Amino acid sequence: MKRSMIALALIIATLFGAAMADDVVIARAIKLIGAEESGNNYGCAITDSNGKSSLGFMQWNATRAAALMKSVIAKDEGAAEDILGSSLTSKLKSASSLSLSSSELKLVSRLLKTDAGVSVQNEKATADVSAYFEKAASLGIKDRNALCYYCDIVHQVGTGAIKKYHVLAAKLAGGYEKITLEHMYKAALNYATYTKARRTRVYEKLVSDPIGSGSSQEQSDAILSIDGDDVIELHRYEKIELKATLEGSDEAVYWKSSSKKIAKVTKKGGVVRGIKKGYVKITAYTQSGLSDTVTIKVVKPASASKEIQRDIS
């Protein structure tokens, strides 16, 4: 199966005539942004310092939060009606920006954690970060880690404010094509105020675990994708064996879980075991930096049962 992340990246590249999107950089950027915004909590629904609602694991805010909810409702209006009620569902369908009450946020949080909510968030995150990537690539930035870092900055500061960051980075590097992660970091420290701690955290993560070597164009031929659906439901105590397809490379594929408290995965076999109720991301990756991620929804079984082995392909 073609993964939605890869498909959307290719569509965007074709439509806008930019350099082919790098699904590895995009996936890593989504992971970093989600971790910084909400701890990758799909049900996050809060009010920001301006009184606007910020929703989902990427914390879409105000008008973007309204657009997110319209998409989730359209994906599964039945679930929306059951969870939100007809009055709040109608309100969200017509809203252009969101400033929800605490009681409304609790209901929205429940909807965001449904299969429709998770699916829409994954699609929106891929589309948004792909657009960030394409803009950076069109400027001439080639370094994969610099591209990833750019995506995190622009998601937080906006498409207008990002300009001064990349202009300074290009000046420090002697041209956009020479920009490295270090140049982007120095530019970020120059302009960041209350966001300096985040800029440093993301920089240090990319330094300690960089996205392979070379430019996105040099490594875009190799593609790693996990077979099956984007969201997989798994009972507690149940086991499934995930499989991945690696094209354009003969590297070994490894596996890791974003939360071993919710589900564990064997590093070399891709066998996932549900531990407790919740959402978790299982990532397939190679040492060169290729990766793909699937969301596992762990649910309570109808009754306590012995471990079951399930093979998906």
Side-chain angles (χ1 to χ4, degrees), residues 1-13 19-35 40 122 125-126 129-130 133-134 136-137 141-152 180-181 202-232 239-260 263-273 280-296 309-313:
M1 185 193 92
K2 291 185 178 180
R3 305 284 293 161
S4 61
M5 183 176 295
I6 298 171
L8 278 171
L10 293 174
I11 290 170
I12 290 171
M20 181 175 288
D22 186 330
D23 61 288
V24 176
V25 173
I26 292 167
R28 183 66 178 282
I30 291 172
K31 180 180 178 181
L32 288 170
I33 294 168
N40 283 309
N122 285 337
T126 301
V129 177
S130 294
F133 173 93
E134 292 299 339
I141 301 174
K142 298 181 182 297
D143 183 90
R144 302 176 104 196
N145 294 287
L147 286 162
C148 185
Y149 193 71
Y150 172 103
C151 290
D152 177 61
T180 65
L181 173 61
V202 175
Y203 166 76
E204 291 177 345
K205 288 178 181 179
L206 287 168
V207 168
S208 63
D209 186 15
I211 309 173
S213 60
S215 69
S216 59
Q217 289 85 352
E218 291 169 347
Q219 298 199 13
S220 62
D221 288 341
I223 295 176
L224 174 64
S225 60
I226 299 173
D227 304 338
D229 297 329
D230 290 331
V231 181
I232 299 171
K239 287 184 178 181
I240 58 171
E241 182 180 3
L242 298 177
K243 295 182 180 180
T245 299
L246 178 59
E247 300 177 0
S249 174
D250 58 359
E251 293 181 85
V253 175
Y254 302 98
W255 301 83
K256 60 184 178 181
S257 169
S258 64
S259 176
K260 294 180 180 179
K264 294 181 179 180
V265 63
T266 55
K267 184 175 181 179
K268 294 185 178 181
V271 177
V272 183
R273 180 175 184 268
V280 63
K281 290 185 177 183
I282 302 297
T283 300
Y285 66 97
T286 67
Q287 292 296 334
S288 69
L290 296 174
S291 67
D292 193 21
T293 300
V294 65
T295 298
I296 300 291
Q309 185 79 27
R310 178 155 54 99
D311 184 359
I312 68 166
S313 57

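Everything numeric here is computed off the predicted structure, so don't read it as measured data. These values consider heavy atoms only, across backbone and side chains, with no hydrogens, waters or symmetry-generated copies.
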Of N122, N40, I282, D230, the one forming a side-chain contact (heavy atoms from CB on, under 4.5 Å) with T295 is N122
From the options V265, V272, T266, T283, select the one residue that forms a side-chain contact (heavy atoms from CB on, under 4.5 Å) with S257.
V265
Measuring from [X]:[atom1] to [Y]:[atom2], what's the distance to the nearest 0.5 Å?
{"X": "T126", "Y": "I26", "atom1": "OG1", "atom2": "CD1", "value": "7.5 Å"}
{"X": "D209", "Y": "R28", "atom1": "CG", "atom2": "CZ", "value": "4.5 Å"}
{"X": "D152", "Y": "K205", "atom1": "CG", "atom2": "NZ", "value": "9.0 Å"}
{"X": "Y149", "Y": "I141", "atom1": "OH", "atom2": "CD1", "value": "12.5 Å"}
{"X": "S130", "Y": "D23", "atom1": "OG", "atom2": "CG", "value": "9.0 Å"}
{"X": "I33", "Y": "C148", "atom1": "CD1", "atom2": "SG", "value": "7.5 Å"}

Which heavy atom of S258 sits nearest to which heavy atom of V280, and what is that distance?
OG-CG2, 3.3 Å
List the atom of V129, the atom of I30, and the distance in Å for their closest heavy-atom pair.
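Nearest heavy atoms, V129 then I30: CG2-CG1, 3.6 Å.
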Does any non-hydrogen side-chain atom of [Y] lie less than 4.5 Å from one of [X]?
{"X": "D143", "Y": "N145", "answer": "yes"}
{"X": "L224", "Y": "T286", "answer": "yes"}
{"X": "K268", "Y": "W255", "answer": "no"}
{"X": "T293", "Y": "K31", "answer": "no"}
{"X": "I211", "Y": "L147", "answer": "no"}

Crowding at NZ, K256 (>12 non-hydrogen neighbours, <6.0 Å):
yes
For the backbone of V24 and the side chain of D22, can you confirm whether one donor and one acceptor N or O come within less than 3.5 Å of each other?
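Looks like yes, one N/O pair under 3.5 Å.
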